Number of protein chains: 2
Amino acid sequence: MTDKKQGQIRIKSQEKILLAAQDEFISNGYKGATVQSIADLAGLPKANVLYYFKNKENIYHAVLERTLDMWDQGIGDIVYEDGPKVAIEKFVSAKVKMSFHHPKASKIYAMEIIQGAQHLKEFARTYLRKWVRDKSKIFQRWIDEGRMINIEPINLIFLIWSSTQHYADFETQILTIMNRADYEEDDVEQVTDFLTQFILRGLEIQ
Amino acid sequence: MTDKKQGQIRIKSQEKILLAAQDEFISNGYKGATVQSIADLAGLPKANVLYYFKNKENIYHAVLERTLDMWDQGIGDIVYEDGPKVAIEKFVSAKVKMSFHHPKASKIYAMEIIQGAQHLKEFARTYLRKWVRDKSKIFQRWIDEGRMINIEPINLIFLIWSSTQHYADFETQILTIMNRADYEEDDVEQVTDFLTQFILRGLEIQ
DNA sequence: GTCTATACGCGGATAGAC
DNA sequence: GTCTATCCGCGTATAGAC
């Protein structure tokens with residue numbers, strides 16, 4: 001075997017482990033998850049999993065890190081130059097896409113927060129707080145310019161986050177209520193349109 | 001000791017156990033929770049906890065049941081006779097109050113759904129599905145009468161659920177972002193007003 | 001690098017003393 | 001009814017064979 005091939009196996013195995021771990025952590029939480037289950041789901045011996053990641057804590061950190069990376073990339077951005085209408089259309093659309101295409105990332109994140117954000121306190125205190133502050137300022141500028149109704153920007157941010165993430169986190173409940181097995185590709189557009197239009201009306205934009 | 005006093009102890013102990021269990025299940029999930037932790041939090045020996053509830057599964061069921069009861073009571077109702085404006089004001093107000101005053105109930109419920117609703121599939125399939133169907137019909141009637149804008153009622157229901165519950169489930173994140181230790185009583189009113197007004201505008205009611 | 005075998009502790013549950 | 005002592009299995013992690 002060449003080094004290249006071994007490196008390939010390493011990468012492939014780590015990838016399989018992280019995907020398996022994501023499922024296991026969602027199903028059973030950090031403490032309830034077992035390395036054995038992760039190994040079984042990944043189709044590898046338990047010892048290999050621990051060889052690659054040393055211990056359970058490290059696996060979880062790796063899963064969380066990928067989740068945050070995804071948030072960072074997929075989220076798009078809110079910039080002043082877009083104006084309120086386009087900015088909100090872009091942002092809501094990106095968030096809804098994320099929820100439907102990567103519900104597991106959203107679920108891992110939600111569980112971590114509900115359980116007290118033990119592993120994400122620092123992320124919230126620094127990155128997230130700054131993000132909210134920055135975007136609030138942009139919304140406030142638009143409010144001052146009379147381009148949207150006068151609301152607390154932070155309430156708006158929470159409303160957008162919650163109403164979009166709901167389709168990922170509460171997927172099981174939504175599908176059960178609607179008596180369906182899976183989301184369809186059409187759902188993304190339907191929800192995006194509903195939320196975008198609803199929010200724009202709520203802000204009296206156009 | 002009289003029977004009465006013993007009954008009192010029984011009730012008090014069960015109450016302490018259920019409150020402790022709620023915290024433990026939120027922090028560590030069903031599988032990660034330990035009977036020993038619940039006992040410690042309740043200030044009772046582990047054997048007593050198992051004496052009252054037989055096993056961990058039963059404790060969890062009891063906690064879930066209380067959560068659903070609370071949902072049932074606290075949620076208020078949406079009735080045709082109120083008309084869309086009053087109905088939404090009442091409903092949003094009740095949901096926000098619940099989120100701020102009983103965040104733990106909301107968190108237990110959210111975790112259960114995120115993890116796949118193993119213990120609540122039946123509740124969703126029967127009770128919840130019917131609830132959504134009934135309320136959708138009421139909204140549809142108001143739509144047909146031109147008293148609110150034409151949207152999919154189910155999207156509206158999900159938006160109200162998610163935007164109100166967010167303040168309970170994501171409490172930790174919200175407080176961290178806002179750099180505060182706890183919610184204040186004023187927050188309930190502020191959030192209620194924001195969400196109510198926003199949603200009424202989104203539906204073009206008034 | 002990969003896997004088997006095992007040490008060691010924790011957790012659920014019960015038996016039985018008080 | 002209440003609590004102590006204990007059983008037994010599972011889970012993490014590692015030692016060491018291959």
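In this text, all values refer to a predicted model and were calculated from it rather than measured experimentally. Below, each value reflects all heavy atoms present in this structure, side chains not excepted, and no hydrogens, waters or symmetry copies. First the proteins, then the strands, lettered A, B, ... as listed; each starts at 1.
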| Degree of bending in the helix from C:dG1-D:dC18 to C:dC18-D:dG1 once both end axes are built from five pairs, to 10° | 0°
| query | To the nearest angstrom, how far is A:Lys12 atom NZ from C:dG1 atom C1'? | reply | 18 Å
| Residue list, ring pair (Phe, Tyr, Trp, His ring centres under 6.0 Å) with B:Phe100, at least two apart or on another chain | B:Tyr167, B:Tyr183
| said: Side chain of B:Pro45 only, heavy atoms from C-beta on: which candidate in D:dT12, C:dT2, D:dT4 is closest? | reply: D:dT4
| remark: Ranking A:Lys31 and A:Leu44 by the position along DNA chain C of their nearest nucleotide, the one closer to 5' is A:Leu44
| Set of salt bridge (Lys or Arg N to Asp or Glu O under 4.0 Å) partners for A:Lys107, sequence neighbours left out | A:Glu171
| said: Show every salt bridge (Lys or Arg N to Asp or Glu O under 4.0 Å) that has at least one partner inside residues 37-61 of chain B, sequence neighbours left out. | reply: none
| request: Under the salt bridge (Lys or Arg N to Asp or Glu O under 4.0 Å) rule, collect the residues that match up with A:Lys85, sequence neighbours excluded. | output: A:Glu89
| Got a sec, which residues hit salt bridge (Lys or Arg N to Asp or Glu O under 4.0 Å) with A:Lys130, two or more places apart in sequence or on another chain? | A:Asp134
| query | When the distance from CG of A:Asn55 to C1' of D:dA13 is rounded to whole Å, what number comes out? | reply | 9 Å
| query | Could you state the NZ-P distance from B:Lys56 to C:dA13, rounded to the nearest angstrom? | reply | 8 Å
| In whole angstroms, how far is the P atom of D:dT2 from the CZ atom of B:Phe53? | 13 Å
| Atom-to-atom span, NZ of A:Lys16 to C1' of C:dT2 - whole angstrom | 13 Å
| query | Should the ring pair A:Phe194 and A:Phe198 be called parallel, tilted or perpendicular, given that the plane angle runs from 0 to 90° and is split at 30 and 60? | reply | tilted
| query | What is the distance from CD of A:Gln36 to C1' of D:dT14, rounded to the nearest Å? | reply | 15 Å
| request: Sequence neighbours left out, what passes side-chain hydrogen bond (donor to acceptor under 3.5 Å, both in side chains) with A:Gln190? Give chain and number order. | output: B:Asn155
When you compare the protein's N or O atoms with those of nucleotides 14-18 of chain C, which come within less than 3.5 Å of each other, and at what distance?
none

| said: In whole Å, I'd like the distance from the CD1 atom of A:Ile38 to the P atom of D:dT12. | reply: 8 Å
| query | Can we call the ring centroids of A:Trp161 and A:Tyr109 under 6.0 Å apart? | reply | no
| request: Under 4.0 Å between any heavy atoms, over every strand shown, what does A:Ala33 touch: base, sugar-phosphate, or nothing? Just pick one. | output: sugar-phosphate
| message | I need the CG-P distance between A:Asn58 and D:dA13, as an integer number of Å. | response | 9 Å
Would you be so kind as to tabulate the donor-acceptor pairs closer than 3.5 Å made by side chains of residues 67-77 of chain A, with sequence neighbours excluded?
residue : atom : partner  : partner atom : Å
A:Thr67 : OG1  : A:Val63  : O            : 2.9
A:Asp72 : OD1  : A:Tyr127 : OH           : 2.2
A:Asp77 : OD1  : A:Lys135 : NZ           : 2.9

| field | Among C:dG12, C:dC3, D:dT2, the nucleotide that comes nearest once only the side chain of B:Tyr52 is considered | value | D:dT2
